[in-house]
Each structure stands twice: as structure tokens, then as C-alpha cells.
Protein chains: 2
Amino acid sequence: MATIGDVAREAGVARSTVSAVLTGRKLVLPETRQRVEDAIAKLNFSVNAGARALATSRTMAIGAVVRFHEAEFSPALATYLVALSDAATEQGYSVQLLTERDGVGAVHRAIAGRRVDGLVLFNVVEDDPRLEPITTAGFPAVLLGMPRETRGVDAVDLDFAVGARLLVDHLADSGHREVTFVRWPDSLYAAGATYALRFADAVRQRVAGHGMKLEELACPVGPEQVRAVLGERLRRADAPHALLVHNDAAAAMLPFALHDVDVKTPGGPSVVSLHSSELARLYALPFTSVESEPDAVVRAAVELVINRIADPGLPVARRLVAPHIVERGGVSRSAAS
Amino acid sequence: MATIGDVAREAGVARSTVSAVLTGRKLVLPETRQRVEDAIAKLNFSVNAGARALATSRTMAIGAVVRFHEAEFSPALATYLVALSDAATEQGYSVQLLTERDGVGAVHRAIAGRRVDGLVLFNVVEDDPRLEPITTAGFPAVLLGMPRETRGVDAVDLDFAVGARLLVDHLADSGHREVTFVRWPDSLYAAGATYALRFADAVRQRVAGHGMKLEELACPVGPEQVRAVLGERLRRADAPHALLVHNDAAAAMLPFALHDVDVKTPGGPSVVSLHSSELARLYALPFTSVESEPDAVVRAAVELVINRIADPGLPVARRLVAPHIVERGGVSRSAAS
DNA sequence: CTGAAAGCGCTTACAG
DNA sequence: CTGAAAGCGCTTACAG
């Protein structure tokens, strides 16, 4: 492997001159620059990332702290990871995977070993224990998720409250006066999943604001079980006219469940849903929906963490990405009072 | 951040002694070692990965070269990435994501910049262009996939041929004499997807070996389209009695398609499938099937690439992970000749 | 078994 | 604008 010294010799300049054209920090005579660039090309030189990291104390790497093992149902993770890597690469950063079960330990080691310049925390929950090592070290990081208290750490997420309002309004506008909120199991809210909590709160407020009647149906996340739960509810005499779904498993299985039962409502119940865009793609979900915005969310996260790396003194940022509703039909005008 | 010098001062020894206990390469008096370890704990010291990389010319990082943008239907990627990271972490390696659209360029830059010690190539196809920069640099790498020609690069994959035989035999044992092979679209085979080619070849051979009749049904990978294609075929008068599926979209949508049509066969057709374990989990697929073995495959990949890094002179390895069949019913004894 | 010295490949003040 | 020198934090022969 060629080093900066080889390039300098080849171009007949000092090593620091090569470094100057590499970093672009200093002005170099165009002619000299050209000679250096020719030498670089000729020797197929590429700066040694580790050496640069040591000299600059910048690794140009971001760590993605993932808690996959706890996720029961997340086909979307790859989308986020790849989008993160793409966004980071654009900014000259690489992404390192930190997947250890012990998230706190992983964060600790990443910070202590100076393996990365900043962290992106996936799957953030309320009172996330991974915040502790970050705040004590004052390490650049951004949360994917929006807990009430971020303790001085930047955070970005889809605006689930706005998503909830869009969907409730859509049902209300279609004349519905009652809505069955097919949601995640209680355990998920208890675990502090920030997106689920924000969505549910907004649904309740908005439904009340419209003077509508709200029924909540907590669903498990196992495909089989969710199908059974949905089927049981749909079969009852007072079958719902409008379903508002926030539970990826339920969204995926709902078409099955509707098939399973002999739906009494003409054309079936109206269904609106908030789910990951990945899910919509995989299952070709036919509902009017608000989808996650992985690219926008991840792009914002990269921007925030890079800014934070550059200037730790920046004010704390809480960024909500605006969702939009995609109308796919599936909502019938209701005559039900 | 504490450095090795701080630790040395704290423990009252030379820096090289600290290094000795860190690397474990040299024998150190137990008492001295203890003093050093106490100092490390007290100062919360952790070796600077970049500095170590520079001194040892080992980054202790593996690059995952992913081609996501071309994948239409891959909820399984995250599973593989996380499994890879877990397996690497166990061995003291970290995983870096290389997701650039230009896979060849990504490989080039990773090698030239010495960012990683080895590469794991996802989604390998026949005549994969990413092999070129690897072979010319003689860089440690392992392919996830098994092209006919690996040009001296290690490769590991599920044994799709064995999987095919297991499934065909299962149908044959149940008395089926005809089988409809619901497979990927022609474009996928044309693109050189190694797993698809190996599976299809084995199916054809095995079916012929049993003297069975084979019908092939190429399906698109879009959920809507695949559902339409399947429905059309199932509705025909000569509806198939046995379906052998190798197409994740088709496997996922088949239950819908079976719902869509009024299946004439008592109990519906027999269905066996090879698909990703992630898919089985997400969709709760009820078919007897052979599933991918992400953990085993990825673990083997990490082992191979680490061995290759340690000893470039090792003989080239081609490792096939044995699949196993999971019987879930869905195969009815056939009276059809 | 321990320690002083050189070197890994860069960058960055600092003179010229 | 260019170049010689020091230093980033480690490891590794090599003396002692």
C-alpha cells in the first residue's frame, strides 16, 4: 500500500504538501496540486483511515446502536440501516453496527474505545438506559425516537401525533362517528415505546375532539394470534365500521382476518393505518395510511449527529419529521351515526 | 480520555508493560499485572482502536458489502446483518456497513483505505463484478452465495440443492406424481442469483429422478402481481395438486391466493416451500418448508474471513450449510396419478 | 520480567 | 506557498 511518503517522493514535494491537497485545508499552487494528484492516481493511493483518525482524533464513523433481539416484528430495520449508511457515506462518514444485547455496555465501549465519533440509537424507549453513558460522557448522539425527556441528547422521529390526527380526521371526514383503535399490546406501551405512546395519546385526544366514540383493541404481535383476535372482534354482532390501526402485525394480517369473516358491513369496514413503509411494500397493504419516512428520519439523524460532532455547544434539537397520508381508498362513507 | 501513558504512570510501570497486559502477548508478573489492571479500572481506560490499528495494521473490522437497492423483497437482510455483527463481535471484530450503489467502488475504497481487514459480500451473483477488486488485491473476503466460479475467494451459503431434494422427496413420498414449481421470475435467474439457480437445477433433476411431471410457474415479486398470477393458475380447470414454492413473495401471498379461489382439491393443494426464516416468522407461513439458516451461514462466513485474515495461504473454502425441513402439514396424501 | 526507543501513516502548527 | 518537525496512541523488537 502506498503511503503519503511515497506520493510525496513521486511528486517531488514534502509530505505535508500531499497532506494539504488531501485535506484541502491549505492553498496549494495549482501546478503542485496537479503533480500530487497525478502521483496519487499513479500509485493508487488512498489515505489510511486509521492513521488519519489518530492524527485528527476523528474516526469519521458513526455507530448504529441496534436492539434487534427485542424486536418481535421489524422488517423495517434493514431499510433504516441502509438509509443511515447511505446518508452517512454522503457526508464522508461510515457506519458501524453495534448490536450487542447489552446496549449500555455497547455504548460504553464504543465511547471509551473511540471507535466512532457519534452514535445513533435505534428503538429508543422512555427512560432508555443507554442515555446514561452518553450524557455522562457528553458524547455526540442522536435518538431515533422521541422520549419525553432526552436529557440533552438530540432526537428525531416521525411526528406520530400528526399522523394520528391525519388518520382520525380522515375517518371523521368520511362521516364515521365511532372508531375502533386496533393498537399494540399493552406491554409495548408499558415498555415505553415512544412512538406508540405519542400516537395513542394523539388518537384519544383527536377522537374526543371530534366527539367520536373510541373503542380500543389491543392486539398481540404474533401473526397467528393477531389474526385470531381480529377475527373474533370482526365476527361480533357489533362489528366495527371504522378501524384505525397502529400495529404492524395487525395491519399485515387484517386482510386475512377480513377474509376469514363474512363481513356484514357493505364493502367491509373502513380501515386506515399507520405503519412502516417497508410493511406496505412487502404486503401491498391496500389501506389509506400514514407511512414511516425512513429516509427523511435517518437523513435528519445524520445531520444532527454530524452537527453535534462539529459543535458540542449547539442547542439541543428535537426534530419531528412530518408524515403524510396516502389515500388508497379502503374508507367507505359511513351512514352509521 | 486516558491513554496508555496515563495508565503507566498511575501503575508506576513503563508504557510497554501496559501494552503487554493489554495484548496478553508477553508474560507479566502477576503483581505487576494487577497494578496495571487496577490503574486501567481507575482511569476507565480503553485502548484507542485507531491507534492500535495503526500500530498493528489490523483494524479489527469487517466490511459488509450490501446491495440493498437492487433487492425487491428482502425483509431478511436485517437478520443477516445483525447476526453478522453478533458473530463478529464475539471474535473481537466490528462490522462496517458498505452500502454504496456502486459495489465495485465500495470494495475498492474499503481495500485502499484499509478501513477493514476483510469483507463479506451479500447477495452474490454469478460473475459478480465485485470479485475483481478483491482478487486483484488479494484481499480477505467471503461470499454469501455460491457462484460456480469463486476465483479463489471463500464462499458460504445454504445448500439449496439439498433443500430442493428434501422438498421434492417430501412431495414424492406423499404420493404426488406432478408438481408445479412456483419460482422466481426469469429475470432473477438471468441476473445470476446463485441460490435460485442451484435450487431450480436440483428441483428439475430430482423431479425427473422420481419420474414425476414438472410444471414451472414463474412469478413476479410484487405482492399484487404474484397474487394475480397465482390466482389465475389456481383457478384453471387443471388446478395443481402439489405446489413447490421458491419465491418469497409467492410464499407470502399464497395463502391469500388460496383464499381468493374456490379451491377444488379437497383440502387444497399440497404446498412445500423454501423461504427465509424471517419470512416464515413475519407471515406465519403454514407450509412444510426448508428455511434459510441465517445464523449458521453468517457464523461460517465470519469464521472463514477471520481465518483468511490470519492466514492468506489457506486453501480456498466452499462451505455449504445443511438445511433441514420443518414439517407443518400442508401436504395432503395425493390420489392423483 | 521490565523499559527506552523506534515506528505505524497521517495532520498540524510553525518557520522559512 | 512549501517543508522540517513534532505528535496522535499504540505495539514491537531489542537491550538490560
Side-chain angles (χ1 to χ4, degrees), chain A residues 1-37 39-40 43-61 92 94 109-117 310, chain B residues 1-37 39-40 43-61 92 94 109-117 310:
Chain A
M1 278 292 101
T3 74
I4 211 176
D6 300 328
V7 175
R9 197 173 322 117
E10 177 73 28
V13 299
R15 286 161 57 216
S16 50
T17 306
V18 178
S19 180
V21 352
L22 249 30
T23 58
R25 283 184 188 290
K26 271 170 148 189
L27 297 187
V28 178
L29 280 183
E31 189 220 295
T32 313
R33 167 183 305 279
Q34 191 56 54
R35 281 223 310 284
V36 172
E37 277 166 359
I40 288 176
L43 299 177
N44 199 251
F45 165 84
S46 179
V47 345
N48 180 311
R52 172 173 279 182
L54 184 56
T56 58
S57 51
R58 282 282 162 82
T59 62
M60 298 307 281
S94 62
R109 279 184 287 279
I111 295 177
R114 296 277 147 183
R115 311 187 139 275
V116 296
D117 295 331
Chain B
M1 279 291 101
T3 75
I4 211 176
D6 300 329
V7 175
R9 196 173 323 117
E10 176 74 27
V13 300
R15 287 160 59 215
S16 51
T17 304
V18 177
S19 181
V21 353
L22 250 29
T23 59
R25 283 184 188 290
K26 271 169 145 190
L27 297 186
V28 179
L29 280 183
E31 189 220 297
T32 313
R33 168 184 304 279
Q34 191 55 56
R35 281 222 309 286
V36 171
E37 278 167 358
I40 288 175
L43 299 177
N44 200 252
F45 166 83
S46 179
V47 346
N48 179 311
R52 174 174 278 181
L54 184 56
T56 59
S57 51
R58 282 282 161 81
T59 62
M60 299 306 281
S94 61
R109 278 185 287 280
I111 296 177
R114 297 275 147 184
R115 310 187 141 276
V116 297
D117 296 331

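Throughout, a chain's letter reflects where its sequence line sits, starting with A, and its residues are numbered from 1. Everything numeric in this text was worked out from a predicted model, so none of it was measured.
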>> Using side chain to side chain contact (heavy atoms under 4.5 Å, CB included), reason through B/Asn48 and B/Thr3 one step at a time and then give a plain yes or no.
In response: CA-CA 8 Å; B/Asn48 179 311; B/Thr3 75; over 6 Å; no
> Can you check side chain to side chain contact (heavy atoms under 4.5 Å, CB included) on B/Gln34 and B/Glu37, steps first, answer last?
Replying inline: CA-CA 5 Å; B/Gln34 191 55 56; B/Glu37 278 167 358; 4.0 Å; yes
>> Under the criterion side chain to side chain contact (heavy atoms under 4.5 Å, CB included), I'd like the reasoning laid out for A/Val36 against A/Val7: C-alpha separation, chi angles, the key distance, then a yes or no.
In response: CA-CA 7 Å; A/Val36 172; A/Val7 175; 4.3 Å; yes
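Looking only at side-chain heavy atoms (C-beta outward), A/Ile4 and A/Leu22 come within less than 4.5 Å of each other.
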Please list, pair by pair, any protein nitrogen or oxygen found under 3.5 Å from a nitrogen or oxygen in nucleotides 5-8 of chain C.
unit_1, atom_1, unit_2, atom_2, d
C/dC8, O2, B/Ala55, N, 3.4

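Contact detail for B/Arg35 and B/Gly12: the closest heavy-atom pair is NH2-O, 3.8 Å. Taking all atoms of both residues into account, the shortest heavy-atom contact from B/Thr59 to B/Arg114 is CG2-O, 3.2 Å. Nearest approach of B/Ser94 to A/Arg115, heavy atoms of both residues: OG-NH1, 4.1 Å.
One atom, CE of A/Met60, and another, P of C/dG9, lie 21 Å apart when rounded to the nearest Å. Between B/Arg52 atom CZ and D/dT12 atom C1' the separation is 13 Å, expressed in whole Å. For the pair B/Arg115 CZ and C/dG9 P, the computed distance is 16 Å after rounding to whole Å. In this structure, B/Arg35 atom CZ and C/dC1 atom P are separated by 15 Å, rounded to whole Å. Atoms CG (A/Asn48) and C1' (C/dC10) sit 8 Å apart, rounded to a whole Å. The distance between atom CD1 of B/Ile40 and atom P of D/dG9, rounded to the nearest whole Å, is 16 Å. Rounded to an integer number of Å, the gap from CZ of A/Arg9 to C1' of C/dC10 is 15 Å. Rounded to whole Å, the distance from CZ on B/Arg58 to P on D/dT12 is 10 Å.
Of the candidate nucleotides C/dC1, D/dT11, D/dG9, D/dT11 has the atom lying nearest to any side-chain atom of B/Leu22.
In DNA chain D, consecutive stretches of 3 or more Watson-Crick or G-U wobble pairs with both distances under 3.5 Å are given as paired ranges: C:1-3 with D:14-16, C:5-12 with D:5-12, C:14-16 with D:1-3.
Interatomic distance, CZ of B/Arg52 versus CG of A/Leu54, reported as 13.5 Å (0.5 Å rounding). Atom CE of B/Met60 sits about 7.0 Å away from atom CG of B/Asp117, to the nearest 0.5 Å.
Distances shown here put a side-chain N or O of A/Thr17 below 4.0 Å from the OP1 or OP2 atom of D/dG3.
If A/Thr32 and B/Gly50 are placed on DNA chain D by their nearest nucleotide, the residue sitting closer to the 5' end is A/Thr32.
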